[in-house]
Amino acid sequence: MCLHSGCQIVVSPDTKHFAVDWLGVEVTRATLGIIGMGSIGYKVAQRARAFDMRILYHNRNQRKKEEEEAVGAHYCAKMEDLLQQADFVMLVVNLTPETHKLIGKKELGLMKPTATLINISRGAVIDQDALVEALQNKVIRGAALDVTHPEPLPRDHPLLKLNNIIITPHIGTATVQALRMMAEEAIGNILAVLNGQPIPSEVFPK
């Protein structure tokens, strides 16, 4: 991973100069595959469009035509089709029995050897043993995880020893503004219940 290696080079006591042939991968005009096109996945697509990315998505249900056209997204009924085409695969699904280890050895093998896997959902959506093997054997280029299973990983976990992965400590919503909005939404739900009104963010049991 370019960023991971770059940080190590900058802080290393042995660094005397920066290499001029040290290259990363362009996001602009690359293909982004979003697995899970709910509200968060759709927000990702909106941002990706600003980079002129080709956007593919796989979801339980296809989005409305106008929603697809608004972000230039193309629906893949089969996840396998998305995995084979995407330069970046982003996981934005809920953790359910159906999505537990959704990405395993088979799925990683379908991805391009130049692809990067990104997980912002839940750690258990990925078979981490299979991911270690894929990264070690260069089955895929790299991975970026904001979530793992468990959190934090044991200090001797092999994912922590790889140089083609970036792991952050579940900080996808760790901004002052995001936490404020979450608190305001929770308060709005509480007030709605107390006033006998419909709950704005009601979660319906399955």
Cut-off 3.5 Å, no hydrogens considered: what does the side-chain donor-acceptor table look like for residues 174-190, sequence neighbours left out?
from: Thr175; atom 1: OG1; to: Ala178; atom 2: N; distance (Å): 2.9
from: Glu185; atom 1: OE2; to: Ser201; atom 2: OG; distance (Å): 2.4
from: Asn189; atom 1: OD1; to: Ser201; atom 2: N; distance (Å): 3.0
from: Asn189; atom 1: ND2; to: Glu185; atom 2: O; distance (Å): 3.3

- [ ] Assign the ring pair Tyr75 / His58 to parallel, tilted or perpendicular, where the plane angle (0 to 90°) is split at 30° and 60°.
- [x] parallel
Open item on the list: Assess the residue pair Leu108 and Ile103 against the criterion (side chain to side chain contact (heavy atoms under 4.5 Å, CB included)); give the C-alpha distance rounded to whole Å, side-chain angles, the decisive distance to 0.1 Å, and a yes or no.
Closed with: CA-CA 7 Å; Leu108 290 163; Ile103 302 297; 3.9 Å; yes
Task: Results of side-chain hydrogen bond (donor to acceptor under 3.5 Å, both in side chains) for Glu151 - residues two or more places apart only - done: His170
Open item on the list: If the condition is side-chain hydrogen bond (donor to acceptor under 3.5 Å, both in side chains), which residues does Gln128 pass it with, not counting sequence neighbours?
Closed with: none
Taking the side chain as everything from C-beta on, heavy atoms only, tell me whether [X] gets closer than 4.5 Å to [Y].
X	Y	result
Arg60	Glu98	no
Gln197	Pro200	no
Arg141	Asp87	no
Met111	Val139	no
Ile126	Val147	no

Task: Straight-line distance of Lys78 NZ to Leu83 CG, nearest 0.5 Å - done: 13.0 Å
Side-chain ([X]) to main-chain ([Y]) donor-acceptor, under 3.5 angstrom:
X	Y	result
Thr15	His17	no
Arg63	Asn61	no
Glu133	Ala130	no
Lys161	Asp156	yes
Ser12	Ile9	no
Lys112	Ala86	no

- [ ] Search all heavy atoms of Leu131 against all heavy atoms of Ala143 and return the closest pair with its distance.
- [x] CD1-CB, 4.2 Å
Task: Nearest atoms (heavy-atom pairs only) where His100 meets Leu95 - done: CA-CD1, 4.0 Å
Less than 3.5 Å apart, which donor and acceptor atoms pair up between the side chains of residues 39-53 and the rest of the protein, not counting sequence neighbours?
from: Tyr42; atom 1: OH; to: Glu67; atom 2: O; distance (Å): 2.7
from: Arg47; atom 1: NH1; to: Lys43; atom 2: O; distance (Å): 3.0
from: Arg49; atom 1: NH1; to: Ala70; atom 2: O; distance (Å): 2.5

Donor-acceptor list for residues 117-124 side chains, cut-off 3.5 Å, not counting sequence neighbours:
from: Asn119; atom 1: OD1; to: Ser121; atom 2: N; distance (Å): 3.0
from: Asn119; atom 1: OD1; to: Ser121; atom 2: OG; distance (Å): 2.6
from: Asn119; atom 1: ND2; to: Arg122; atom 2: O; distance (Å): 3.0

Open item on the list: Taking Val193 as the starting point, is it possible to reach Leu191 by hopping between hydrophobic residues whose side chains are less than 4.5 Å apart?
Closed with: no
Which donor-acceptor pairs under 3.5 Å do the side chains of residues 24-37 make with protein atoms, sequence neighbours left out?
none

